[in-house]
Trainee: 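Could you have a look at this structure, given as structure tokens, before my questions?
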Amino acid sequence: MEKKKIVEIKNISMTYHTLDGETKAIKDINLNINKGEIVSLVGPSGCGKSTLLSIIAGLIEPTKGEILIKEKKIKGPNKEVGYMFQRDHLFEWRTIIENVLIGLEIQGRVNEKQYKNAENLLDIYGLSEFKESFPRQLSGGMRQRVALIRTLIVEPDLLLLDEPFSALDYQTRLAIADEIGIILKKEGKTALMVTHDISEAISVSDRVVVLSKRPATIKDIIPINLTCPGGVRTPMKCREAPEFRYYFNQIWKELDIHV
Ligand SMILES: Nc1ncnc2c1ncn2[C@@H]1O[C@H](COP(=O)(O)OP(=O)(O)OP(=O)(O)O)[C@@H](O)[C@H]1O
Ligand SMILES: [Mg+2]
């Protein structure tokens, strides 16, 4: 059976024009993402990762190329795509639960059941006591969790996650990445995630896309096949797979980081 394509990124290039001149951010990117797949994007800082996500989300128009979502060309922001930004963009004047519900509110879908669902998610992420608090009362990690719940709750066909765990301390990061990896897989979500963390990319993804330095081009696409201990593929268990090191070294080499 042929896999169902959710996103087709076709020949995308992006050049920013500013008063200081032009910045080539992305060059000739082609990539398809299938239903249920989790794909990670890794690449040097400033290479154009957030730019690519913003183009897929329909927030900025590429200089060249097109994005198809479920075979339809996108022309602007659309409800098929849920985007969790690199910075959390919570609304300071709204409470936490109001922030979580905003996407559904825009779509006119807030009801008793969704409200319960929001409460339940806040509970799972250890935030229930902050339901009526305001964003400024939360730590960076907590704010990021709120942003993630807000993205998950509208159940988009495609999730775009821009360094979703970067504000978390290391231990929480491992736990949350594990949990989210499991949730995404269990619910058959399709996601494109930017991360700086090679181990995280390998442990949660079906494929890792390595980008070159700016302007970003695709250097390599690495399908991840891990034999996880006990046959359970959770991100945490995956880190113990014998192939893990091999992938790590390969991606590290391709990223070509000089210190
Ligand atoms: N709105 C904009 N106008 C002009 N230049 C921009 C704009 N947004 C980004 N850029 C430039 O485009 C390039 C790519 O930026 P982008 O934010 O996509 O990189 P990134 O890979 O997400 O970086 P990081 O790893 O730091 O998050 C950078 O050189 C940046 O300065
Ligand atoms: Mg970025």
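Counting convention: from 1, in listed order, for ligands and their atoms alike. In this text the structure is predicted, and so the values were computed from the model without any measurement.
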Trainee: Give the table of side-chain donor-acceptor pairs shorter than 3.5 Å for residues 56-75, with sequence neighbours excluded, one pair per line with atom names and distance.
Mentor:
from, atom 1, to, atom 2, distance (Å)
T63, OG1, T15, N, 2.8
K64, NZ, D28, OD1, 3.1
K70, NZ, D157, OD2, 3.0

Trainee: Between T18 and ligand 1, does any nitrogen or oxygen pair lie at a separation below 3.5 Å?
Mentor: no
Trainee: Among K4, K5, R207, whose side-chain hydrogen bond (donor to acceptor under 3.5 Å, both in side chains) with E37 holds?
Mentor: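 With E37 as partner, side-chain hydrogen bond (donor to acceptor under 3.5 Å, both in side chains) holds for just one option, R207.
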Trainee: Under 2.8 Å from the Mg ion (ligand 2), protein N/O/S atom count?
Mentor: 2
Trainee: Please identify which atoms of ligand 1 are closer than 4.0 Å to at least one heavy atom of H196.
Mentor: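 In order of number, 25 (O).
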Trainee: Does E240 reach the main-chain N or O of C228 with its side chain, forming a donor-acceptor pair under 3.5 Å?
Mentor: no
Trainee: Less than 4.0 Å from atom 28 (C) of ligand 1, is there any heavy atom belonging to the protein?
Mentor: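 When distances to the protein are checked, atom 28 (C) of ligand 1 has a heavy atom within 4.0 Å.
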Trainee: Which residue holds the protein heavy atom closest to atom 14 (C) of ligand 1, what is that atom called, and what is the gap in Å?
Mentor: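 Going atom by atom, the protein heavy atom closest to atom 14 (C) of ligand 1 ends up being G46 O, 3.4 Å.
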Trainee: What protein heavy atom is closest to atom 20 (P) of ligand 1, reported as residue, atom name and distance in Å?
Mentor: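 Sorting protein heavy atoms by distance from atom 20 (P) of ligand 1 puts K49 N, 3.6 Å first.
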Trainee: Is there a protein heavy atom at a distance of less than 4.0 Å from atom 31 (O) of ligand 1?
Mentor: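 Neighbour list for atom 31 (O) of ligand 1 is empty of protein heavy atoms (cut-off 4.0 Å).
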Trainee: Among all protein non-hydrogen atoms, which one is nearest to atom 17 (O) of ligand 1, and what is the separation to 0.1 Å?
Mentor: S50 CB, 3.8 Å
Trainee: Using a 6.0 Å cut-off, check whether atom OH of Y246 has over 12 heavy atoms from anything other than its own residue.
Mentor: no
Trainee: Within a radius of less than 6.0 Å around NZ of K237, do more than 12 heavy atoms belonging to other residues, nucleotides or ligands occur?
Mentor: no
Trainee: If we ignore hydrogens and angles and just use 3.5 Å, is the side chain of Y247 paired with the main-chain N or O of N225 as donor and acceptor?
Mentor: yes
Trainee: For ligand 1, which atoms sit closer than 4.0 Å to a heavy atom of Q86?
Mentor: 27 (O)
Trainee: Please lay out, stage by stage, how D197 and F165 fare under the test side-chain contact (heavy atoms from CB on, under 4.5 Å).
Mentor: CA-CA 10 Å; D197 184 330; F165 315 121; over 6 Å; no
Trainee: Does anything in residues 130-140 pair up under side-chain hydrogen bond (donor to acceptor under 3.5 Å, both in side chains), and if so which pairs, sequence neighbours excluded?
Mentor: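 For residues 130-140, and leaving out neighbouring residues, the side-chain hydrogen bond (donor to acceptor under 3.5 Å, both in side chains) pairs sorted by first residue read E119-K131.
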Trainee: Is it true that atom NZ of K189 has more than 12 heavy atoms of other residues, nucleotides or ligands lying nearer than 6.0 Å?
Mentor: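 More than 12 heavy atoms, drawn from other residues, nucleotides or ligands, come within 6.0 Å of this atom.
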Trainee: Considering only the protein, which heavy-atom contact is closest to atom 19 (O) of ligand 1, and what is its distance?
Mentor: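 Going by distance alone, atom 19 (O) of ligand 1 is nearest to G48 N, 3.3 Å.
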Trainee: Is the backbone of L158 close enough, under 3.5 Å, to the side chain of E80 for a donor and an acceptor to pair up by distance?
Mentor: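 Looks like no, no N/O pair under 3.5 Å.
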Trainee: For atom 26 (O) of ligand 1, what is the nearest protein heavy atom, given as residue, atom name and distance?
Mentor: S45 OG, 3.2 Å
Trainee: Could a heavy atom of H17 be found less than 4.0 Å from some atom of ligand 1?
Mentor: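 Distance cut 4.0 Å: H17 fails for ligand 1.
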Trainee: Within the supplied structure, the quantity of interest is the number of heavy atoms (other residues, nucleotides, ligands) at a distance under 6.0 Å from E112 CD; does it exceed 12?
Mentor: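 Incorrect, the count does not exceed 12.
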Trainee: Starting from atom 12 (O) of ligand 1, locate the nearest protein heavy atom and write down its residue, its atom name and how far away it is, to 0.1 Å.
Mentor: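 Of the protein heavy atoms, Y16 CE1, 3.4 Å lies nearest.
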Trainee: Kindly state each residue pair satisfying salt bridge (charged side-chain N to carboxylate O under 4.0 Å, His left out) with at least one member in residues 83-105, sequence neighbours excluded.
Mentor: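 Sorted result for residues 83-105: D88-R143, E92-R143, R94-E105.
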Trainee: Treating K185 as the side-chain partner and G36 as the backbone partner, does any N or O pair qualify as donor plus acceptor under 3.5 Å?
Mentor: yes
Trainee: For atom 18 (O) of ligand 1, what's the nearest protein heavy-atom neighbour? Residue, atom name and distance, please.
Mentor: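 Residue, atom and distance for the closest contact: T51 OG1, 2.5 Å.
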Trainee: Out of curiosity, is G43 lining ligand 1, as in a heavy atom under 4.0 Å away?
Mentor: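 No, G43 has no heavy atom closer than 4.0 Å to ligand 1.
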Trainee: Which of the atoms of ligand 1 are close to T23, meaning less than 4.0 Å from one of its heavy atoms?
Mentor: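 So the atoms of ligand 1 that pass are 29 (O).
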